[in-house]
Amino acid sequence: AAGALAAYAAAAGLEAHMFMPKDVPVANRVECDYYGAHVTLVDGLISDCARRVAELKKESFWEKDGWFDLSTTKEPYRFEGKKTMGYEVAEQLGWRIPQGIIYPTGGGVGLLGMWKAFEEMEALGWIGSERPRMVSVQSAGCAPIVKAWDERSPTAEMWPDASTLASGLRVPKPYGDYLILEILRKSNGTAVSASDQEIIEATRHWAKVEGIFAAPEGAASLVAYKKLRGNGFFKPEDTVVLFNTGSGLKYLDVLDARLGAGNSLAQSAKPAARHIGGIIGPY
(Lines give C-alpha, C1' and ligand atoms only; values in the text may rest on other atoms or scores of the structure.)
Protein backbone atom coordinates (compact mmCIF):
# COMPACT_ATOMS: atom_id res chain seq x y z
CA ALA A 1 0.00 0.00 0.00
CA ALA A 2 2.84 2.38 0.83
CA GLY A 3 4.57 1.60 -2.46
CA ALA A 4 1.38 2.21 -4.44
CA LEU A 5 0.67 5.48 -2.64
CA ALA A 6 4.25 6.66 -3.13
CA ALA A 7 4.09 5.90 -6.85
CA TYR A 8 0.79 7.69 -7.41
CA ALA A 9 1.91 10.64 -5.29
CA ALA A 10 5.07 10.95 -7.37
CA ALA A 11 3.06 10.89 -10.62
CA ALA A 12 0.69 13.55 -9.26
CA GLY A 13 3.40 15.74 -7.77
CA LEU A 14 2.08 15.29 -4.24
CA GLU A 15 4.11 15.09 -1.05
CA ALA A 16 3.72 11.70 0.64
CA HIS A 17 4.69 10.56 4.12
CA MET A 18 4.96 6.87 4.99
CA PHE A 19 5.15 5.37 8.47
CA MET A 20 6.27 1.75 8.63
CA PRO A 21 7.82 -0.65 11.15
CA LYS A 22 11.61 -0.48 11.10
CA ASP A 23 11.85 -4.22 10.36
CA VAL A 24 9.65 -3.99 7.25
CA PRO A 25 10.95 -5.94 4.22
CA VAL A 26 13.70 -3.91 2.57
CA ALA A 27 11.86 -3.65 -0.77
CA ASN A 28 8.95 -1.78 0.83
CA ARG A 29 11.22 0.86 2.33
CA VAL A 30 13.52 1.27 -0.67
CA GLU A 31 10.63 1.50 -3.12
CA CYS A 32 9.02 4.38 -1.21
CA ASP A 33 12.37 6.15 -0.86
CA TYR A 34 13.02 6.01 -4.60
CA TYR A 35 9.55 7.36 -5.35
CA GLY A 36 10.51 10.39 -3.28
CA ALA A 37 8.25 9.75 -0.31
CA HIS A 38 9.26 10.72 3.22
CA VAL A 39 9.71 7.45 5.12
CA THR A 40 9.54 7.33 8.91
CA LEU A 41 10.61 4.03 10.48
CA VAL A 42 8.84 3.26 13.74
CA ASP A 43 10.16 0.94 16.43
CA GLY A 44 7.14 -1.34 16.72
CA LEU A 45 4.23 -2.72 14.71
CA ILE A 46 1.78 -1.17 12.28
CA SER A 47 -0.40 -0.29 15.27
CA ASP A 48 2.50 1.79 16.61
CA CYS A 49 2.75 3.51 13.22
CA ALA A 50 -0.95 4.36 13.46
CA ARG A 51 -0.39 5.74 16.94
CA ARG A 52 2.38 7.98 15.61
CA VAL A 53 0.10 9.25 12.85
CA ALA A 54 -2.65 9.91 15.40
CA GLU A 55 -0.19 11.96 17.44
CA LEU A 56 0.72 14.02 14.40
CA LYS A 57 -2.95 14.59 13.64
CA LYS A 58 -3.18 16.64 16.81
CA GLU A 59 -0.67 19.11 15.41
CA SER A 60 -2.05 22.03 13.44
CA PHE A 61 -0.06 21.40 10.25
CA TRP A 62 -2.48 18.63 9.24
CA GLU A 63 -5.16 21.21 8.54
CA LYS A 64 -2.79 24.00 7.50
CA ASP A 65 -0.90 21.95 4.92
CA GLY A 66 -3.87 19.90 3.72
CA TRP A 67 -2.66 16.49 4.90
CA PHE A 68 -5.03 13.56 4.41
CA ASP A 69 -4.86 10.28 6.34
CA LEU A 70 -4.92 7.26 3.99
CA SER A 71 -4.59 4.63 6.71
CA THR A 72 -6.66 1.48 6.25
CA THR A 73 -10.43 2.04 6.70
CA LYS A 74 -9.81 5.67 7.71
CA GLU A 75 -11.14 6.91 4.33
CA PRO A 76 -13.65 5.58 1.75
CA TYR A 77 -11.56 5.48 -1.42
CA ARG A 78 -9.64 2.29 -0.79
CA PHE A 79 -12.97 0.47 -0.44
CA GLU A 80 -13.89 1.69 -3.91
CA GLY A 81 -10.64 0.38 -5.34
CA LYS A 82 -10.68 -2.94 -3.51
CA LYS A 83 -14.29 -3.65 -4.44
CA THR A 84 -13.26 -4.05 -8.08
CA MET A 85 -11.89 -7.45 -7.06
CA GLY A 86 -15.47 -8.56 -6.44
CA TYR A 87 -16.53 -7.31 -9.86
CA GLU A 88 -13.62 -9.12 -11.50
CA VAL A 89 -14.42 -12.40 -9.77
CA ALA A 90 -18.03 -12.30 -10.97
CA GLU A 91 -17.15 -11.16 -14.49
CA GLN A 92 -14.39 -13.74 -14.97
CA LEU A 93 -16.72 -16.52 -13.82
CA GLY A 94 -19.41 -15.50 -16.30
CA TRP A 95 -21.41 -13.61 -13.66
CA ARG A 96 -21.57 -16.66 -11.45
CA ILE A 97 -20.58 -16.38 -7.81
CA PRO A 98 -18.00 -18.87 -6.49
CA GLN A 99 -18.76 -21.03 -3.48
CA GLY A 100 -15.92 -19.44 -1.54
CA ILE A 101 -13.36 -16.65 -1.43
CA ILE A 102 -10.24 -16.88 0.72
CA TYR A 103 -8.57 -13.57 1.47
CA PRO A 104 -5.40 -12.79 3.47
CA THR A 105 -6.57 -10.47 6.23
CA GLY A 106 -4.39 -7.78 7.71
CA GLY A 107 -6.55 -4.67 7.65
CA GLY A 108 -9.26 -6.64 5.85
CA VAL A 109 -10.30 -3.96 3.36
CA GLY A 110 -10.36 -6.50 0.54
CA LEU A 111 -13.09 -8.49 2.25
CA LEU A 112 -15.08 -5.35 2.99
CA GLY A 113 -14.70 -4.03 -0.54
CA MET A 114 -15.74 -7.27 -2.23
CA TRP A 115 -18.81 -7.58 -0.01
CA LYS A 116 -19.80 -4.07 -1.07
CA ALA A 117 -19.31 -5.06 -4.71
CA PHE A 118 -21.64 -8.07 -4.38
CA GLU A 119 -24.34 -5.86 -2.87
CA GLU A 120 -23.96 -3.36 -5.71
CA MET A 121 -24.08 -6.06 -8.39
CA GLU A 122 -27.27 -7.50 -6.90
CA ALA A 123 -28.83 -4.02 -6.89
CA LEU A 124 -27.86 -3.69 -10.57
CA GLY A 125 -29.46 -7.03 -11.37
CA TRP A 126 -26.17 -8.57 -12.49
CA ILE A 127 -26.23 -11.31 -9.85
CA GLY A 128 -28.80 -12.74 -7.48
CA SER A 129 -28.80 -12.90 -3.70
CA GLU A 130 -26.21 -15.69 -3.56
CA ARG A 131 -22.92 -14.93 -1.83
CA PRO A 132 -19.62 -16.78 -1.53
CA ARG A 133 -18.52 -18.10 1.83
CA MET A 134 -15.93 -15.51 2.83
CA VAL A 135 -12.82 -16.83 4.55
CA SER A 136 -10.33 -14.71 6.46
CA VAL A 137 -6.82 -16.19 6.71
CA GLN A 138 -4.27 -14.82 9.14
CA SER A 139 -0.86 -15.77 10.46
CA ALA A 140 -0.81 -17.91 13.58
CA GLY A 141 1.60 -15.33 15.02
CA CYS A 142 -0.98 -12.57 14.64
CA ALA A 143 -4.54 -13.84 14.38
CA PRO A 144 -6.95 -11.48 16.17
CA ILE A 145 -9.80 -12.15 13.72
CA VAL A 146 -9.37 -15.94 14.02
CA LYS A 147 -9.38 -15.71 17.82
CA ALA A 148 -12.48 -13.49 17.84
CA TRP A 149 -14.23 -15.83 15.40
CA ASP A 150 -13.44 -18.92 17.48
CA GLU A 151 -14.69 -17.14 20.59
CA ARG A 152 -17.82 -15.86 18.80
CA SER A 153 -16.90 -12.31 19.72
CA PRO A 154 -18.26 -9.36 17.68
CA THR A 155 -14.91 -7.56 17.92
CA ALA A 156 -11.25 -8.51 18.08
CA GLU A 157 -8.81 -7.93 20.90
CA MET A 158 -5.34 -6.45 20.44
CA TRP A 159 -2.99 -9.35 19.62
CA PRO A 160 0.03 -9.34 21.98
CA ASP A 161 3.59 -9.72 20.65
CA ALA A 162 2.53 -10.07 17.02
CA SER A 163 5.17 -11.84 14.96
CA THR A 164 5.13 -13.32 11.44
CA LEU A 165 7.21 -13.27 8.27
CA ALA A 166 4.08 -12.17 6.37
CA SER A 167 4.39 -8.52 7.36
CA GLY A 168 1.11 -7.59 5.67
CA LEU A 169 -0.70 -9.84 8.15
CA ARG A 170 1.04 -8.38 11.17
CA VAL A 171 -1.90 -6.20 12.17
CA PRO A 172 -2.62 -6.68 15.91
CA LYS A 173 -6.18 -5.32 15.65
CA PRO A 174 -7.82 -4.39 12.33
CA TYR A 175 -9.62 -1.07 12.50
CA GLY A 176 -12.69 -2.62 10.83
CA ASP A 177 -12.62 -5.84 12.87
CA TYR A 178 -16.36 -5.80 13.66
CA LEU A 179 -17.21 -5.37 9.96
CA ILE A 180 -14.95 -8.27 8.94
CA LEU A 181 -16.49 -10.57 11.56
CA GLU A 182 -20.01 -9.56 10.52
CA ILE A 183 -19.27 -10.49 6.89
CA LEU A 184 -17.89 -13.88 7.96
CA ARG A 185 -21.11 -14.53 9.87
CA LYS A 186 -23.44 -13.32 7.11
CA SER A 187 -21.70 -15.45 4.49
CA ASN A 188 -21.42 -18.60 6.63
CA GLY A 189 -17.69 -18.20 6.26
CA THR A 190 -14.86 -18.81 8.69
CA ALA A 191 -11.43 -17.67 9.82
CA VAL A 192 -8.27 -19.78 9.55
CA SER A 193 -4.69 -19.33 10.73
CA ALA A 194 -1.47 -20.46 9.04
CA SER A 195 1.90 -20.91 10.72
CA ASP A 196 5.01 -19.34 9.20
CA GLN A 197 6.28 -22.81 8.37
CA GLU A 198 3.05 -23.64 6.51
CA ILE A 199 3.25 -20.30 4.68
CA ILE A 200 6.84 -20.96 3.55
CA GLU A 201 5.88 -24.41 2.32
CA ALA A 202 2.90 -23.02 0.40
CA THR A 203 5.03 -20.22 -1.09
CA ARG A 204 7.50 -22.75 -2.44
CA HIS A 205 4.73 -25.08 -3.64
CA TRP A 206 3.01 -22.39 -5.71
CA ALA A 207 6.32 -21.24 -7.16
CA LYS A 208 7.65 -24.73 -7.95
CA VAL A 209 4.42 -26.33 -9.17
CA GLU A 210 2.55 -23.42 -10.77
CA GLY A 211 5.14 -20.75 -11.48
CA ILE A 212 3.37 -18.30 -9.15
CA PHE A 213 5.80 -16.47 -6.86
CA ALA A 214 3.26 -15.33 -4.30
CA ALA A 215 3.84 -13.08 -1.35
CA PRO A 216 3.68 -14.94 1.98
CA GLU A 217 0.29 -13.34 2.63
CA GLY A 218 -1.08 -14.85 -0.59
CA ALA A 219 0.49 -18.21 0.12
CA ALA A 220 -1.43 -18.27 3.40
CA SER A 221 -4.59 -18.56 1.27
CA LEU A 222 -3.33 -21.86 -0.12
CA VAL A 223 -2.71 -23.11 3.42
CA ALA A 224 -6.27 -22.18 4.37
CA TYR A 225 -7.75 -23.87 1.29
CA LYS A 226 -5.96 -27.15 2.01
CA LYS A 227 -7.21 -27.10 5.59
CA LEU A 228 -10.78 -26.30 4.56
CA ARG A 229 -10.79 -29.04 1.94
CA GLY A 230 -9.42 -31.44 4.51
CA ASN A 231 -12.15 -30.77 7.05
CA GLY A 232 -14.97 -30.74 4.50
CA PHE A 233 -15.76 -27.01 4.70
CA PHE A 234 -15.28 -26.89 0.91
CA LYS A 235 -16.27 -29.79 -1.34
CA PRO A 236 -14.20 -31.07 -4.29
CA GLU A 237 -16.67 -29.63 -6.79
CA ASP A 238 -16.74 -26.15 -5.20
CA THR A 239 -15.23 -23.21 -7.04
CA VAL A 240 -13.03 -21.36 -4.57
CA VAL A 241 -11.08 -18.19 -5.33
CA LEU A 242 -7.78 -17.68 -3.54
CA PHE A 243 -6.34 -14.18 -3.51
CA ASN A 244 -2.64 -13.45 -3.69
CA THR A 245 -2.12 -9.87 -2.55
CA GLY A 246 1.50 -9.29 -3.54
CA SER A 247 4.71 -10.49 -5.12
CA GLY A 248 7.28 -12.70 -3.48
CA LEU A 249 9.90 -10.42 -5.01
CA LYS A 250 9.20 -7.91 -2.24
CA TYR A 251 10.16 -10.51 0.36
CA LEU A 252 13.49 -11.71 -1.02
CA ASP A 253 15.38 -10.75 2.13
CA VAL A 254 12.79 -12.48 4.33
CA LEU A 255 12.59 -15.62 2.20
CA ASP A 256 16.38 -15.80 1.82
CA ALA A 257 16.66 -16.02 5.59
CA ARG A 258 14.42 -19.11 5.41
CA LEU A 259 16.18 -20.63 2.42
CA GLY A 260 17.65 -23.58 4.30
CA ALA A 261 14.25 -24.74 5.53
CA GLY A 262 12.70 -24.07 2.14
CA ASN A 263 15.17 -26.27 0.25
CA SER A 264 14.27 -29.31 2.29
CA LEU A 265 10.58 -28.63 1.74
CA ALA A 266 10.98 -28.27 -2.00
CA GLN A 267 11.91 -31.90 -2.49
CA SER A 268 8.56 -33.07 -1.18
CA ALA A 269 6.45 -30.76 -3.34
CA LYS A 270 4.24 -32.63 -5.82
CA PRO A 271 1.73 -31.28 -8.35
CA ALA A 272 -1.63 -31.27 -6.66
CA ALA A 273 -3.71 -28.37 -7.89
CA ARG A 274 -5.48 -27.27 -11.05
CA HIS A 275 -5.28 -23.52 -11.68
CA ILE A 276 -7.39 -21.67 -14.24
CA GLY A 277 -7.27 -17.89 -14.46
CA GLY A 278 -6.47 -17.44 -10.80
CA ILE A 279 -9.10 -19.93 -9.69
CA ILE A 280 -7.84 -22.95 -7.79
CA GLY A 281 -9.66 -26.16 -8.42
CA PRO A 282 -10.04 -29.26 -6.28
CA TYR A 283 -7.12 -30.79 -4.44
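Heavy-atom basis, side chains included; hydrogens, waters and symmetry copies ignored.
Scanning both residues, Ser221 and Leu242, for their nearest heavy atoms gives O-CD2, 3.5 Å. Here the closest heavy-atom approach between residue Asp253 and residue Pro25 is recorded as OD2-CA, 3.8 Å. Val171 approaches Pro144 most closely through the heavy-atom pair O-CG, 3.6 Å. Heavy atoms only, all atoms of each residue included: Trp95 and Ile127 are closest at O-CG2, 4.1 Å. Closest of all the heavy-atom pairs between Leu222 and His205 is CD2-CD2, 3.7 Å. Counting all heavy atoms, side chain and backbone alike, Ala156 lies closest to Ile145 at CB-CD1, 4.4 Å.
Using a 4.0 Å cut-off between charged nitrogen and carboxylate oxygen, Glu80 and Lys83 count as a salt-bridge pair. Between Arg170 and Asp23 there is a salt bridge, since at least one side-chain N of the basic residue sits less than 4.0 Å from a carboxylate O of the acidic one. By the 4.0 Å N-to-carboxylate-O rule, Lys173 lies close enough to Asp177 to be salt-bridged with it. Residues Lys116 and Glu119 are not paired through a salt bridge, judged by the lack of any N-O separation under 4.0 Å between the basic side chain and the carboxylate. Between Lys147 and Glu151 there is a salt bridge, with a side-chain nitrogen of the basic residue lying less than 4.0 Å from a carboxylate oxygen of the acidic one. Classification of Glu198 and Lys226 as a salt-bridged pair fails, no side-chain N sitting under 4.0 Å from a carboxylate O.
Atom CH2 of Trp206 and atom CZ of Phe213 lie 13.0 Å apart (nearest 0.5 Å). Here the CG-CZ distance, from Leu41 to Arg52, works out to 12.5 Å after rounding to the nearest 0.5 Å. Rounding to the nearest 0.5 angstrom, the gap separating the CZ atom in Arg133 from the CG atom in Leu228 is 8.5 Å. Rounded to the nearest 0.5 Å, atoms CG (Leu165) and CD1 (Ile200) are 5.0 Å apart.
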Please tabulate, for the side chains in residues 102-115, all donor-acceptor contacts under 3.5 angstrom to protein atoms that are two or more places apart in sequence or on a different chain.
from, atom 1, to, atom 2, distance (Å)
Thr105, OG1, Tyr103, O, 3.0
Thr105, OG1, Ser136, OG, 2.8

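Atom CD of Glu15 is surrounded by more than 12 heavy atoms from other residues, nucleotides or ligands within 6.0 Å. Annotation: Asn231, atom CG; neighbour count of heavy atoms from other residues, nucleotides and ligands within 6.0 Å is above 12.
Annotation: side chain to side chain contact (heavy atoms under 4.5 Å, CB included) contacts of Glu31 (sequence neighbours excluded): Tyr35, Lys250.
Cluster membership for Leu93 and Phe118, using ILVMFWY side-chain heavy atoms within less than 4.5 angstrom, is shared. Residues Leu179 and Ile101 share a single hydrophobic cluster, defined by chaining ILVMFWY side chains whose heavy atoms lie under 4.5 Å apart. A continuous path of ILVMFWY side-chain contacts below 4.5 Å connects Phe233 to Val192, so both sit in one hydrophobic cluster.
By the 4.5 Å heavy-atom criterion applied to side chains, Pro21 and Cys49 are counted as neighbours. Between Ser193 and Val146, some side-chain heavy-atom pair lies under the 4.5 Å cut-off.
For residues 149-183, the set of pairs meeting the ring-ring contact (aromatic ring centres under 6.0 Å, His included) definition, not counting sequence neighbours, is empty.
In this structure a side-chain-to-backbone donor-acceptor pair under 3.5 Å is missing from Glu210 to Ile212. In this structure, Glu217 contributes its side chain and Gly168 its backbone to a donor-acceptor pair below 3.5 Å.
A side chain to side chain contact (heavy atoms under 4.5 Å, CB included) with Cys32 is found for exactly one of His38, Met20, His17, namely Met20.
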Original post:
Could you go step by step and tell me if Glu55 and Arg51 meet the salt bridge (charged side-chain N to carboxylate O under 4.0 Å, His left out) rule?
Top reply: CA-CA 6 Å; Glu55 292 169 356; Arg51 188 176 301 111; 5.9 Å; no
